*Asks:* 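Structure provided below as structure tokens; questions to follow.
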Amino acid sequence: MSTQTQTIDPAAILDARFTDAIHAAVPDLPIEQIKTHITASRQPKFGDFQSNCAMPIAKRFKMQPRELAAKIIEHLDVSGVAEPITQANIAGPGFINVTLLPEAISSALGAMDNDQLGINIPDNPPTVVVDVCGVNLAKQMHVGHLRSTVIGDAIARLYERMGYKVIRQSHVGDWGLPIAMVVEQLITIEDQGVDLSTLSLGELNAMYKVVQAKCKAETKALELIQKAGGHAKAEIELAERIADANAAMEKAKARLVNLQSGDERSVAVWQRIYDITMTACLSTCKRLHADITDEHSAGESTYRDELAPLVQDLIDRKIAVEDDGALVVKCEGIKEPTIIRKRDGGFLYATTDLAAIKRRVNKLGGDIVVYVVDSRQSLHFKQVFAAAHKAGYDKTNPGIDAKLTHAMFGTVLGEDNKPLKSRSGENLNLTDLLDEAVSRASATVAEKNPEMPEAERAPISEAVAMAAVKYADLSSERIKDYVMNFDRMLAFEGDTGPYLLYALVRVQSIFRKASEQGVDTSSYHNAPFKLVEPSEKALALMLLRYPSLIESAGQACEPSRLCSFVYDLASAYGPFYDKCQVVKCEDDAIRNSRFRLCDLVGRVLADALETLGIPTVERM
RNA sequence: GCCCCGAUAGCUCAGCUGGAUAGAGCAACGGACUUCUAAUCCGUAGGUCGAAGGUUCGAAUCCUUCUCGGGGUGCCA
């Protein structure tokens, strides 16, 4: 990775200057341990930035913090960046308050006004593999897939925006017994004359459930009845059902063997299921404005030939051991061993995930592998990461360990604070949920713009709905559960997706208005920034935080931090828009400065929303 | 039993490596529309940061114990 070639961020410049000053004031402190603790001031009366460095250093070296602060500012050179720092800038226990020079803000904005919006792209970027989406064959997407798709795509976009090489991988559940059950069922009904070419995913999904129920033996219930000395009739009935289920299960297992050995008809039916499912799911991804396509699909089936050799490798190297008939990998610090082969010889999801880590690191070259998966899988990933490490499957080519991260997320809840389900108690279908959001958005758009023709309203409603749903999903910390509430997320006011779209619309409308009124907008691109109103300065300072924010949100795999920033930026634009006339501004220099500021705000807003994967609109 | 995660205003949430008087939005109340799209902006009110100890100049943040809620826990994924 390259070092920063240019720093546009005043905070970064201050960080460098403070580091030098601290180094001079406290030579005993190794320079690499210096932390300047530069943060934006919370209140304008304390200036624009503050350094909280004096207190921790004073504590470590048993000094008086205010005296140390005084010593630091003696060595501090903030020329060209901030107003001179004097004793008066030291406050409280030793805070050092900094007020930026107006010209420093202006030139920083000017430096940010480029194609990358001030973000430094590394020359030699790392590769990051992001595990996203993860649908299952023969099943419709439900709310659970919303988060892995939306958050996963946003994390991938964040890394892309930082200039990293990103490879998305959708770990499609396309293999194993559940799929074999459906294959078996489809072959049965095809033999009865049903045309499989017209099957929809909805029908497949219904069939999946039927087949699951058919193969599920209610052994426990029978035991209970027998124990309680229950009805003989019920007992017989149940015993029959269990016999049927066992028979169905046997057929499914036989079908799995067929499928795995490449039986032509089994494979053809499997392919049909695959095509139906993926066509529908990828179209939902597209609707969600998530960059997940066919090329990102890496289903469990693609690992099928890699599992046996992998397990053999682990046996040969004595990493895996037999335990009670199963083959396990035991890792230090984890009580539960990772089972990679069942007593009956079958492989498990841990086996596939080990193969996936190996492929992602060794073959795809991932320096970082991020799993955007439900928090309930945290033990599983802890085990698999540890096992992969023990086996050395996480070694990148130069022999460095890849960084394996489980970017876990919480559950989507209903109004009752329980996992969101449909009225019939099943997982809520994602398409239904999105349709509902669109219909509500459409009603509001129509209400706000009664004269807007239907042809224009439809795509706007769609975008507004997706923005609302996605922003609601992205804006709270990943790990937290959140309650799905259409009224709140589509409220069009406050911290919502639609509010952000509206902020962007208002920025763009300034240029449309200028053009309508024949105001010259050809000469603002290189105009100097003249920030005269407090709201302009606040807006400018907010803009300047963008590059470092992208970096920190990306490193933390936390799109919610970018959401907070976008909302803060939109909120800072509000007062500016209210107080500062742009098109009608009399002063040429200020008008052009404001045009340029608006232009920058618009581009940062659009860039941030694009990085979150939220679609935008021209009007709404 | 053991392990993981959460708890901040009436509601929904920020608060990143400990920093100044804990911040937003919604809801409530008051104000600003011949508008650069008011889907907005300004203001008022609202909090023993789950509880109790501890660490220190300073704790919502770190440590310990506990309470409540959610999840996981060897042959499903």
Side-chain angles (χ1 to χ4, degrees), chain A residues 35 37 39 41-43 45-46 50 52 55-56 58-59 64-65 91-95 97 134 136 173 176-178 300 323-328 334-344 346 348-350 352-353 374-380 382-383 408 410-411 413 417-419 444-445 447-449 464 472 475-477 479-483 485 487-489 491-496 498-499 501-503 505-514 516-517 519 549 552-553 555-556 558 560-561 563-564 567-568 571 574-585 594 598 619-620:
Chain A
K35 284 188 175 157
H37 291 103
T39 58
S41 296
R42 303 183 68 139
Q43 295 174 69
K45 70 173 174 182
F46 296 135
Q50 65 186 65
N52 302 336
M55 287 83 78
K59 181 187 276 189
Q64 290 298 318
F95 303 110
N97 292 327
N136 298 304
L177 198 54
E300 291 172 340
D323 189 347
D324 199 19
L327 192 68
V328 305
I334 303 174
K335 205 178 66 181
E336 300 86 345
T338 313
I339 303 174
I340 57 167
R341 195 181 65 196
K342 295 189 283 184
R343 203 180 305 189
D344 68 5
L348 298 98
Y349 72 140
T352 312
D353 270 325
D374 199 321
S375 65
R376 284 175 298 189
Q377 310 268 341
S378 65
L379 176 59
H380 167 69
K382 199 172 152 193
Q383 290 177 307
M408 59 180 107
T411 310
L413 306 174
N417 270 338
K418 292 187 177 147
T444 313
V445 174
E447 184 194 320
K448 300 283 179 190
N449 307 283
V464 166
S475 61
S476 62
E477 251 187 312
I479 195 139
K480 293 194 176 166
D481 297 348
Y482 76 95
V483 176
N485 181 324
D487 287 334
R488 198 185 315 127
M489 70 192 186
F492 300 85
E493 54 215 6
D495 193 6
T496 67
Y499 172 77
L501 298 194
Y502 181 62
V505 162
R506 290 206 296 174
V507 177
Q508 289 161 338
S509 74
I510 282 183
F511 294 97
R512 192 163 50 229
K513 200 73 179 182
E516 275 168 25
Q517 296 185 358
V519 176
L549 196 116
S552 70
Q555 296 295 356
E558 269 294 4
S560 64
R561 292 197 200 158
C563 289
S564 296
Y567 179 69
D568 287 345
S571 302
F576 164 80
Y577 185 85
D578 203 50
K579 291 246 166 53
C580 302
Q581 284 295 324
V582 182
V583 178
K584 284 186 225 159
C585 181
R594 286 178 179 171
C598 287
R619 300 162 190 266
M620 62 190 283

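Scope of the values below: all heavy atoms of this structure, side chains included, with no hydrogens, waters or symmetry mates. Numbers restart at 1 for each chain; the letters A, B, ... are given by sequence-line order, proteins then strands. Note that the structure is a prediction, hence the values are computed from the model and not measured.
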*Asks:* Base, sugar-phosphate alone, or nothing: which one does A/K45 contact when heavy atoms must sit under 4.0 Å apart?
*Replies:*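 Base contact.
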
*Asks:* My understanding is that only residues two or more places apart in sequence, or in another chain, count here; which of them pass side-chain contact (heavy atoms from CB on, under 4.5 Å) with A/A514?
*Replies:* A/V519, A/T521, A/V583, A/F595

*Asks:* So A/N97, base contact, sugar-phosphate only, or nothing? Heavy-atom distance under 4.0 Å.
*Replies:* base

*Asks:* I'd like the C1' distance from B/rC16 over to B/rG23, given in whole Å.
*Replies:* 15 Å

*Asks:* B/rG72 and B/rA77: how far apart are their C1' atoms, nearest whole angstrom?
*Replies:* 14 Å

*Asks:* Students often get this wrong, so: under 4.0 angstrom with heavy atoms, is A/E477 touching a base, only sugar-phosphate, or nothing?
*Replies:* sugar-phosphate

*Asks:* Quick test: give all pairs of protein nitrogen or oxygen and nucleotides 57-62 of chain B nitrogen or oxygen below 3.5 Å, distance rounded to 0.1 Å.
*Replies:*
| from | atom 1 | to | atom 2 | distance (Å) |
| --- | --- | --- | --- | --- |
| B/rG58 | O6 | A/K59 | NZ | 2.7 |

*Asks:* Roughly how many Å is it from CZ in A/R506 to P in B/rA39, rounded to a whole number?
*Replies:*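 It is 9 Å, rounded to the nearest whole Å.
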
*Asks:* Checking A/R343 now: which residues fulfil salt bridge (Lys or Arg N to Asp or Glu O under 4.0 Å) with it, not counting sequence neighbours?
*Replies:*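 Partners of A/R343 under the salt bridge (Lys or Arg N to Asp or Glu O under 4.0 Å) test: A/D324.
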
*Asks:* How many Å lie between CD1 on A/I479 and P on B/rC5, as a whole number?
*Replies:*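 These atoms are roughly 7 Å apart.
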
*Asks:* For a quick check, with a 4.0 angstrom heavy-atom cut-off, what is the B/S/- contact string for nucleotides 71-77 of chain B, read 5' to 3'?
*Replies:* SSSBBSB

*Asks:* I'd like to check the salt bridge (Lys or Arg N to Asp or Glu O under 4.0 Å) partners of A/D578; sequence neighbours left out, ordered by chain and number.
*Replies:* none

*Asks:* Under 4.0 Å between a side-chain N or O of A/S564 and OP1 or OP2 of B/rA14?
*Replies:* no

*Asks:* Distance criterion of 3.5 Å, no angle test: do you see the side chain of A/Q50 paired donor-to-acceptor with the base of B/rA20?
*Replies:* yes

*Asks:* Taking the P atom of each, how far is B/rU8 from B/rC13, in whole Å?
*Replies:* 9 Å

*Asks:* Nearest-Å distance, CG (A/L549) to P (B/rU17)?
*Replies:* 14 Å

*Asks:* Examine B/rA14: is either OP1 or OP2 under 4.0 Å from a nitrogen or oxygen in the side chain of A/K480? Give yes or no.
*Replies:*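 Checking B/rA14 against A/K480, a side-chain N or O does come within under 4.0 Å of OP1 or OP2.
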
*Asks:* One pair to check against side-chain contact (heavy atoms from CB on, under 4.5 Å): A/F511 and A/V582. What are the steps and the verdict?
*Replies:* CA-CA 9 Å; A/F511 294 97; A/V582 182; over 6 Å; no

*Asks:* Whole angstrom is fine here: how far is it from CZ in A/R561 over to C1' in B/rC13?
*Replies:*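 Going from CZ in A/R561 over to C1' in B/rC13 covers 15 Å.
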
*Asks:* Which residues satisfy the salt bridge (Lys or Arg N to Asp or Glu O under 4.0 Å) test with A/E477, sequence neighbours excluded?
*Replies:* A/K480

*Asks:* For Watson-Crick and G-U wobble pairs within 3.5 Å on both distances, what is RNA chain B written in dot-bracket notation, | included for inter-strand pairing?
*Replies:* (((((((..((((.....[...)))).(((((.......))))).....(((((..]....))))))))))))....

*Asks:* If I take atom NZ in residue A/K35 and atom C1' in nucleotide B/rC16, what distance separates them, rounded to the nearest angstrom?
*Replies:*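 Between C1' of B/rC16 and NZ of A/K35: 12 Å.
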
*Asks:* Not counting sequence neighbours, which residues clear side-chain contact (heavy atoms from CB on, under 4.5 Å) with A/S571? List them please.
*Replies:* A/Y499, A/Y567

*Asks:* Starting at the 5' end of RNA chain B, which residue's closest nucleotide do you reach first, A/N52 or A/N417?
*Replies:*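 Comparing both residues, the 5'-ward one is A/N417.
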
*Asks:* Can you name the residues that form a side-chain contact (heavy atoms from CB on, under 4.5 Å) with A/D487, not counting sequence neighbours?
*Replies:*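 Once residues adjacent in sequence are excluded, the partners of A/D487 under the side-chain contact (heavy atoms from CB on, under 4.5 Å) criterion are A/R440, A/N485.
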
*Asks:* Flag as yes if A/Y499 stacks onto the base of B/rA39 (centroids under 5.5 Å, planes under 30°), otherwise no.
*Replies:* no

*Asks:* Suppose you measure atom P in B/rA45 against the same atom in B/rG30; what distance do you get, rounded to whole Å?
*Replies:*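 Comparing P positions in B/rA45 and B/rG30 gives a spacing of 15 Å.
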
*Asks:* Sticking with atom C1', work out how far B/rG18 lies from B/rC63, rounded to a whole angstrom.
*Replies:* 13 Å

*Asks:* Select base, sugar-phosphate, or nothing to describe what A/A91 touches, counting heavy atoms under 4.0 Å on all strands.
*Replies:*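 Base contact - A/A91 has a heavy atom under 4.0 Å of at least one base atom.
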
*Asks:* How does each nucleotide of nucleotides 25-33 of chain B score, in 5' to 3' order, for protein heavy atoms under 4.0 Å: base (B), sugar-phosphate only (S), or none (-)?
*Replies:* S-S------

*Asks:* Hey, does A/I510 reach any base, or is it just sugar-phosphate, or nothing, if we go heavy atoms under 4.0 Å?
*Replies:* base

*Asks:* For the P atoms, the ones on B/rU65 and on B/rG74, what distance do you get once it is rounded to whole angstrom?
*Replies:* 25 Å

*Asks:* Classify the nucleic acid contact of A/M620 as base, sugar-phosphate or nothing, counting any heavy atom under 4.0 Å across all strands shown.
*Replies:*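 If one applies the 4.0 Å heavy-atom cut-off, A/M620 turns out to touch a base.
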
*Asks:* Whole angstrom is fine here: how far is it from CG in A/N485 over to P in B/rU12?
*Replies:* 10 Å

*Asks:* Whether the side chain of A/D323 engages the backbone of A/V328 through a donor-acceptor N/O pair (distance < 3.5 Å, no angle test) should be reported.
*Replies:*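 Not confirmed, A/D323 side chain does not pair with A/V328 backbone.
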
*Asks:* Using the test side-chain contact (heavy atoms from CB on, under 4.5 Å), find all partners of A/N52 that sit at least two apart in sequence or belong to another chain.
*Replies:* A/H37, A/T39, A/Q50, A/M55, A/F95

*Asks:* Under the rule for salt bridge (Lys or Arg N to Asp or Glu O under 4.0 Å), what residues qualify as partners of A/R376, not counting sequence neighbours?
*Replies:*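 Listed in chain order: A/D374.
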
*Asks:* To the nearest Å, how far apart are A/F576 CZ and B/rU40 P?
*Replies:*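 Taking atom P of B/rU40 as the reference, CZ of A/F576 is at 18 Å.
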
*Asks:* For RNA chain B, whose closest nucleotide is more 5', that of A/D481 or that of A/Q517?
*Replies:*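 By nearest-heavy-atom nucleotide position, the 5'-most residue is A/D481.
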
*Asks:* Once rounded to the nearest 0.5 Å, what's the spacing between atom CG of A/D481 and atom CG of A/L413?
*Replies:*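 Going from the CG atom of A/D481 to the CG atom of A/L413 covers 4.5 Å.
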
*Asks:* Say we look at B/rU64 and B/rG46: how far apart would their C1' atoms be, to the nearest angstrom?
*Replies:*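 Each nucleotide's C1' atom is 34 Å from the other's.
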
*Asks:* Do we see A/F95 stacking on the base of B/rG19, given a limit of 5.5 Å between centres and 30° between planes?
*Replies:* no

*Asks:* Taking only the C1' atom of each, what is the distance from B/rC41 to B/rA24 in whole angstrom?
*Replies:* 15 Å

*Asks:* What is the distance, rounded to the nearest whole Å, between atom OH of A/Y482 and atom C1' of B/rG6?
*Replies:*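 Rounding to the nearest Å, OH of A/Y482 and C1' of B/rG6 are 17 Å apart.
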
